[in-house]
*Asks:* 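Shown below is the structure under consideration.
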Amino acid sequence: SVFYFNTRVIPAIKVALVSPSDDRSARFVGMALQPPGAESPFKVKTFTAQSLTAKDVNESAIVILNNVDSVTSDAAQALPGLLKRGGGVLFMPGDRTTMAKFNECFGTISPAKLSRTVQSPASEEGEPGLTLSKINTEHPMFEIFQHPHHGDLSGPRFFRYWELTDSQLSRVHARFSNDRPAILERQVDQGISVMLASFINSEWNNLALEKGPIFVSLMHQICRYLSMRGEGKRDCLVGDNLKAGATDQVTDPSGKNVTERPVIAHEAGFYIVDSGAGKIRYAVNTAPGEADPAGMTPEELTLAVVSVQGENVETAGGEASDRDGKSGVDRKSIWRYVI
């Protein structure tokens with residue numbers, strides 16, 4: 001048998017990091033994602049809230065809104081489009097973020113709205129701040145922390161955080177030790193927005209200063225998760241609908257043009273969708289069960305259709321009939337086994 005599959009080299013993930021021009025926290029975030037002189041899957045470009053344009057948003061896979069509460073009107077209008085096509089937005093509100101402006105500008109796409117900043121109390125042991133608890137370690141953002149040498153997410157201390165409201169449409173994947181939401185996710189169209197409710201700053205937490213690679217690993221995992229949402233499904237089965245626009249050129253495995261919409265994969269092989277801006281190759285295979293010759297053994301089939309002497313069976317019409325073994329098969333119901 002033949003199995004078709006794709007391998008693809010993913011180009012550098014373009015990240016737009018939006019932050020106040022004199023905010024030192026942007027340096028921590030930028031260096032975590034793209035360390036100087038080191039190879040990285042991310043290509044980070046920094047902007048201020050006033051310099052970010054719709055073009056910058058459209059050319060990015062991820063937009064990080066770091067300690068900002070608004071952007072220019074054309075950039076704000078482009079953010080829902082980024083999410084619609086499967087991109088990601090990471091919100092990290094801080095001390096320069098005002099509640100009213102943030103909620104007005106980002107309330108429709110953010111995992112939650114801001115309420116107020118809260119100073120964390122000391123723990124019962126006298127340790128300053130809160131820790132992370134109820135972490136969903138099965139989620140792609142956190143699963144790496146199940147392995148050795150990637151840090152302990154329960155170690156960092158959080159001294160200040162944002163209290164949140166209107167998070168009904170979101171999923172909370174980590175909470176502070178007082179049960180307040182810490183890291184939230186919301187699906188918007190095909191994309192995802194994520195919020196970290198404590199700002200990356202030594203007055204808010206020691207996340208970036210904690211020993212070990214916790215902050216770097218966390219930023220990489222969050223951004224990888226946000227970017228992969230836009231990749232889309234490339235492996236399909238015969239009978240599946242393939243994503244293609246009305247003006248896209250589509251060729252089937254034999255090289256013939258496909259003009260029908262929606263595009264249905266009628267045969268196994270590679271379908272190519274050319275939008276003009278790039279080509280997408282779909283690998284189409286038959287359902288695994290259809291190619292399994294061991295679905296039913298001859299003995300099982302024989303027992304299914306050959307009657308046992310004196311056995312009463314129900315016919316297709318719902319009446320009981322006696323199969324005495326002489327006729328072998330109830331002809332009224334054999335069609336079920338043939339099909």
Side-chain angles (χ1 to χ4, degrees), residues 15-30 33 44-84 87-120 158-172 174 176 180-189 191-205 207-208 219 222-223 226:
V15 179
L17 174 56
V18 188
S19 185
S21 57
D22 58 345
D23 194 321
R24 294 180 58 191
S25 66
R27 182 170 173 267
F28 290 115
V29 177
L33 293 176
V44 181
K45 190 173 182 180
T46 58
F47 303 89
T48 64
Q50 294 73 32
S51 67
L52 183 72
T53 66
K55 182 175 182 292
D56 299 323
V57 174
N58 294 333
E59 292 178 350
S60 303
I62 303 169
V63 173
I64 300 177
L65 296 165
N66 180 63
N67 202 13
V68 296
D69 52 21
S70 61
V71 291
T72 59
S73 58
D74 64 331
Q77 292 172 9
L79 287 172
L82 169 65
L83 292 165
K84 187 174 183 179
V89 179
L90 173 58
F91 295 95
M92 296 195 294
D95 52 6
R96 299 192 187 182
T97 308
T98 59
M99 175 196 68
K101 291 181 69 175
F102 181 95
N103 293 343
E104 181 182 358
C105 189
F106 305 127
T108 58
I109 60 173
S110 172
K113 292 183 179 179
L114 304 182
S115 175
R116 59 172 183 161
T117 58
V118 177
Q119 200 72 25
S120 305
F158 296 84
F159 319 120
R160 192 178 178 189
Y161 64 93
W162 275 99
E163 256 187 11
L164 308 174
T165 62
D166 295 343
S167 60
Q168 302 92 326
L169 299 177
S170 302
R171 292 186 294 169
V172 180
F176 296 118
R180 297 294 187 183
I183 301 176
L184 307 84
E185 168 194 357
R186 176 183 174 186
Q187 181 165 349
V188 184
D189 289 317
I192 289 291
S193 68
V194 170
M195 177 180 284
L196 176 60
S198 183
F199 180 52
I200 306 303
N201 179 289
S202 59
E203 295 180 0
W204 288 63
N205 57 69
L207 186 60
M219 290 302 302
I222 291 175
C223 289
L226 291 176

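Residue indices begin at 1 and follow the sequence shown. The basis for the numbers below is simple: all heavy atoms, side chains too, and nothing from hydrogens, waters or symmetry mates.
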*Asks:* When you measure from the side chain of Q187 to the backbone of D189, do you find a donor-acceptor pair of N or O atoms at a distance under 3.5 Å?
*Replies:*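 Side chain of Q187 to backbone of D189: a pair is present.
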
*Asks:* Looking at A76 and V71, what are the two nearest heavy atoms and their distance?
*Replies:*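 Closest approach of A76 to V71, heavy atoms only: N-CG2, 3.6 Å.
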
*Asks:* For residues 54-65, which side-chain donor-acceptor pairs fall under 3.5 Å, sequence neighbours excluded?
*Replies:*
from	atom 1	to	atom 2	distance (Å)
K55	NZ	E59	OE2	2.6
D56	OD2	T53	N	3.0
D56	OD2	T53	OG1	2.9
N58	ND2	A54	O	3.1
S60	OG	D56	O	2.7

*Asks:* Do the side chains of N67 and P20 get nearer than 4.5 Å, heavy atoms only?
*Replies:*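 Heavy-atom side-chain distance check passes, below 4.5 Å.
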
*Asks:* Please check if the side chain of S110 supplies one atom and the backbone of S193 the other of a donor-acceptor pair under 3.5 Å.
*Replies:*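 Checking the backbone N and O of S193 against the side chain of S110, no donor-acceptor pair under 3.5 Å is found.
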
*Asks:* To the nearest 0.5 Å, what is the distance between CZ on F176 and CG on N205?
*Replies:*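 So the CZ of F176 and the CG of N205 are separated by 8.0 Å.
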
*Asks:* Do C223 and L33 come within less than 4.5 Å of each other through their side chains, counting heavy atoms only?
*Replies:*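 With C-beta onward as the side chain, the pair touches.
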
*Asks:* Please check: side-chain N/O of N103 versus main-chain N/O of K113, any donor-acceptor pairing under 3.5 Å?
*Replies:*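 Not a single qualifying donor-acceptor pair exists.
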
*Asks:* V172 and A174: which non-hydrogen atoms are nearest, and at how many Å?
*Replies:*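 That would be CG1-O, 3.3 Å.
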
*Asks:* Looking at V68 and S19, what are the two nearest heavy atoms and their distance?
*Replies:*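 It is CG1-CA, 4.0 Å.
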
*Asks:* Report the distance from atom CZ of F102 to atom CH2 of W162, rounding to the nearest 0.5 Å.
*Replies:*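 With rounding to 0.5 Å, CZ (F102) is 8.5 Å from CH2 (W162).
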
*Asks:* Strictly by modelled atom types, are T98 and D69 linked by a side-chain donor-acceptor pair under 3.5 Å?
*Replies:*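 Their side chains do contain a donor-acceptor pair, which is all the 3.5 Å distance test asks for.
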
*Asks:* Filter on salt bridge (charged side-chain N to carboxylate O under 4.0 Å, His left out), then keep only pairs touching residues 19-28, sequence neighbours left out; what's left?
*Replies:*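 Counting only pairs at least two positions apart or across chains, the salt bridge (charged side-chain N to carboxylate O under 4.0 Å, His left out) contacts touching residues 19-28 are D22-R96.
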
*Asks:* Taking atom CG of L17 and atom CG of L90, what is their separation to the nearest 0.5 Å?
*Replies:*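 Rounded to the nearest 0.5 Å, the CG-CG separation comes to 9.5 Å.
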
*Asks:* Crowded around Q119 CD? As in, over 12 foreign heavy atoms under 6.0 Å?
*Replies:*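 It does: Q119 CD has more than 12 such atoms within range.
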
*Asks:* If you look at every heavy atom in P111 and F91, which pair is closest and at what distance?
*Replies:*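 So the two residues come closest at CD-CD1, 3.8 Å.
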
*Asks:* How about E163: does its CD atom have over 12 heavy atoms from other parts shown lying under 6.0 Å from it?
*Replies:*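 Yes - once you tally the heavy atoms of other residues, nucleotides and ligands closer than 6.0 Å, there are more than 12.
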
*Asks:* Students often mix this up, so state it plainly: with edges at 30° and 60°, are the rings of W204 and F199 parallel, tilted or perpendicular?
*Replies:*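 Perpendicular, since the angle between the ring planes exceeds 60°.
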
*Asks:* Please confirm whether the backbone N or O of T165 pairs with a side-chain atom of S115, one donor and one acceptor, at under 3.5 Å?
*Replies:*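 No: the side chain of S115 does not pair with the backbone of T165.
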
*Asks:* Counting distance only, does the side-chain N/O of S198 pair as donor-acceptor with the main-chain N or O of R160 below 3.5 Å?
*Replies:*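 Here the side-chain-to-backbone pair exists.
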
*Asks:* Report the distance from atom CG of N66 to atom CG of L196, rounding to the nearest 0.5 Å.
*Replies:*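 Result: 9.5 Å between the selected atoms.
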
*Asks:* Ignoring hydrogens and angles, state whether a donor on the side chain of S167 or S170 is under 3.5 Å from an acceptor on the partner side chain.
*Replies:*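 No, no side-chain donor-acceptor contact under 3.5 Å.
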
*Asks:* Using 0.5 Å steps for rounding, measure from the CG atom of L114 to the CG atom of D166.
*Replies:*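 It is 10.5 Å, given to the nearest 0.5 Å.
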
*Asks:* Nearest 0.5 Å, what's the CG-CD1 distance between L79 and I109?
*Replies:*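 Taking CG in L79 and CD1 in I109, the distance rounds to 4.5 Å.
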
*Asks:* When you compare the side chain of P93 with that of M195, does any pair of heavy atoms fall below 4.5 Å?
*Replies:*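 Of all side-chain heavy-atom pairs linking P93 with M195, at least one is under 4.5 Å.
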
*Asks:* So R180 and V118, do their side chains get closer than 4.5 Å, heavy atoms only?
*Replies:*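 No - every pair of side-chain heavy atoms lies 4.5 Å or more apart.
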
